[in-house]
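Basis for what follows: all heavy atoms, side chains included, without hydrogens, waters or symmetry-related copies. Predicted model, so just to flag it, every value in this text is computed and none were measured. Just so you know, residue 1 is the first one in the sequence shown, and it goes up from there.
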Amino acid sequence: QVHVVESGGGLVQAGGSLRLSCAASGSYFTINVMGWYRQAPGKQREFVARINSLGNTMYAGSVEGRFTISRDNAKNTEYLQMNSLKPEDTAVYYCNAEIDTRGGRYVYWGQGTQVTVSS
């Protein structure tokens with residue numbers, strides 16, 4: 001069993017900051033790519049950022065320069081530091097992780113954490 005759990009969401013004013021965390025636990029061999037997605041009300045889930053096991057990162061254009069993704073491989077945890085938040089960043093944020101297990105390679109999703117940015 002593998003579990004991926006987010007934490008750190010909340011309510012913040014525009015221009016503020018939040019830091020999200022995502023921890024993987026359970027029985028597995030390797031965590032490859034870890035990423036963040038978000039889904040605003042009435043919209044499709046969209047890509048936010050990703051980071052591979054070497055630390056190489058990729059961002060959506062809408063967050064580049066404001067958000068920073070990082071990971072601590074020793075803690076099996078990834079982070080999303082969100083600065084200069086805007087009301088349009090309001091969404092449920094989901095983390096995912098591509099993980100090699102005894103049964104194969106799978107992508108696991110967290111349950112989501114709400115981020116609300118007030119104007």
Side-chain angles (χ1 to χ4, degrees):
Q1 283 280 2
V2 176
H3 298 281
V4 176
V5 179
E6 305 100 336
S7 60
L11 173 64
V12 64
Q13 287 189 330
S17 299
L18 279 175
R19 188 194 195 205
L20 305 182
S21 301
C22 174
S25 63
S27 178
Y28 55 84
F29 297 124
T30 307
I31 301 175
N32 301 312
V33 178
M34 302 186 82
W36 291 93
Y37 288 72
R38 66 187 182 186
Q39 187 167 18
K43 295 188 176 181
Q44 290 189 331
R45 189 174 299 189
E46 65 175 6
F47 166 76
V48 176
R50 67 196 296 260
I51 184 169
N52 67 13
S53 58
L54 299 178
N56 299 311
T57 60
M58 182 181 297
Y59 296 92
S62 59
V63 307
E64 190 148 22
R66 300 187 297 121
F67 292 9
T68 302
I69 189 171
S70 61
R71 63 191 281 175
D72 184 335
N73 291 328
K75 295 182 178 180
N76 302 318
T77 300
E78 66 166 333
Y79 306 94
L80 186 68
Q81 178 66 43
M82 305 184 293
N83 298 328
S84 302
L85 282 161
K86 304 175 181 179
E88 50 263 44
D89 294 318
T90 295
V92 177
Y93 283 70
Y94 298 90
C95 72
N96 73 357
E98 180 188 89
I99 298 177
D100 291 331
T101 69
R102 186 181 301 276
R105 177 171 292 180
Y106 299 96
V107 176
Y108 295 87
W109 290 85
Q111 80 287 354
T113 186
Q114 177 70 47
V115 171
T116 303
V117 184
S118 62
S119 58

Among residues two or more places apart or on two chains, list those pairs meeting salt bridge (charged side-chain N to carboxylate O under 4.0 Å, His left out) that have a residue in residues 28-49.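 Salt bridge (charged side-chain N to carboxylate O under 4.0 Å, His left out) check on residues 28-49 returns Arg38-Glu46, Arg38-Asp89.
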Going only through I, L, V, M, F, W and Y residues with side-chain contacts under 4.5 Å, is there a path from Met58 to Val33?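 No, no single cluster joins them.
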Flag yes if Val115 and Val63 sit in one hydrophobic cluster, no otherwise; membership is Ile, Leu, Val, Met, Phe, Trp, Tyr, and two members link when side-chain heavy atoms are under 4.5 Å apart.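 Same cluster: Val115 reaches Val63 through Ile, Leu, Val, Met, Phe, Trp or Tyr contacts under 4.5 Å.
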Mind checking what makes side chain to side chain contact (heavy atoms under 4.5 Å, CB included) contact with [X], not counting sequence neighbours?
{"X": "Tyr106", "result": "Thr101, Tyr108"}
{"X": "Arg71", "result": "Ile31, Met34, Ile51, Ser53, Asn73, Glu78"}
{"X": "Gln114", "result": "Thr90, Val92, Thr116"}

Give me each pair satisfying disulfide (SG to SG under 2.5 Å) with a member in residues 24-63, each pair once, sequence neighbours excluded.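 Residue pairs passing disulfide (SG to SG under 2.5 Å), neighbours aside: none found.
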Applying disulfide (SG to SG under 2.5 Å), which residue pairs with at least one partner in residues 34-85 are found, sequence neighbours left out?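 Every pair satisfying disulfide (SG to SG under 2.5 Å) with a residue in residues 34-85: there are none.
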Give the other cluster members for Phe29, using side-chain heavy-atom distances under 4.5 Å between Ile, Leu, Val, Met, Phe, Trp and Tyr residues; answer none if it is isolated.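 Grouped by the 4.5 Å side-chain rule, Phe29 forms a cluster of one, so the answer is none.
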Mind checking who shares a hydrophobic cluster with Leu54, ILVMFWY linked at side-chain heavy-atom distances under 4.5 Å?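 Result for Leu54 is none, singleton.
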Please report the closest heavy-atom contact between Phe47 and Ala60, naming both atoms and the distance.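 Minimum heavy-atom separation between Phe47 and Ala60: O-CB, 3.4 Å.
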Compare every heavy atom of Ile69 with every heavy atom of Tyr59, then report the nearest pair and how far apart it is.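 Result for this residue pair: OH-N, 2.9 Å.
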Measuring from atom [atom1] of [X] to atom [atom2] of [Y], what distance do you get when rounded to the nearest 0.5 angstrom?
{"X": "Leu18", "Y": "Thr113", "atom1": "CG", "atom2": "OG1", "result": "9.0 Å"}
{"X": "Tyr37", "Y": "Arg50", "atom1": "OH", "atom2": "CZ", "result": "7.0 Å"}
{"X": "Tyr93", "Y": "Leu80", "atom1": "OH", "atom2": "CG", "result": "7.5 Å"}

Report all side-chain donor-acceptor pairs from residues 1-14 shorter than 3.5 Å, counting only partners two or more places apart or in another chain.
{"unit_1": "Glu6", "atom_1": "OE1", "unit_2": "Gln111", "atom_2": "N", "d": "3.0"}
{"unit_1": "Glu6", "atom_1": "OE1", "unit_2": "Gln111", "atom_2": "NE2", "d": "3.4"}
{"unit_1": "Glu6", "atom_1": "OE1", "unit_2": "Gly112", "atom_2": "N", "d": "2.8"}
{"unit_1": "Glu6", "atom_1": "OE2", "unit_2": "Cys95", "atom_2": "N", "d": "2.8"}
{"unit_1": "Glu6", "atom_1": "OE2", "unit_2": "Gly112", "atom_2": "N", "d": "3.1"}

Do the non-hydrogen side-chain atoms of Phe67 and Leu85 ever get within less than 4.5 Å of each other?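 Contact flag for Phe67/Leu85 side chains = yes.
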Show every side chain to side chain donor-acceptor pair (under 3.5 Å) that has at least one partner inside residues 15-27, sequence neighbours left out.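 Applying side chain to side chain donor-acceptor pair (under 3.5 Å) to every pair that reaches into residues 15-27, excluding sequence neighbours, yields Ser17-Asn83.
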Partners passing salt bridge (charged side-chain N to carboxylate O under 4.0 Å, His left out) against Glu64 (at least two apart in sequence or in another chain):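 Glu64: no salt bridge (charged side-chain N to carboxylate O under 4.0 Å, His left out) contacts found.
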Please name all residues satisfying salt bridge (charged side-chain N to carboxylate O under 4.0 Å, His left out) with Asp72, sequence neighbours left out, ordered by chain then number.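 Partners of Asp72 under the salt bridge (charged side-chain N to carboxylate O under 4.0 Å, His left out) test: none.
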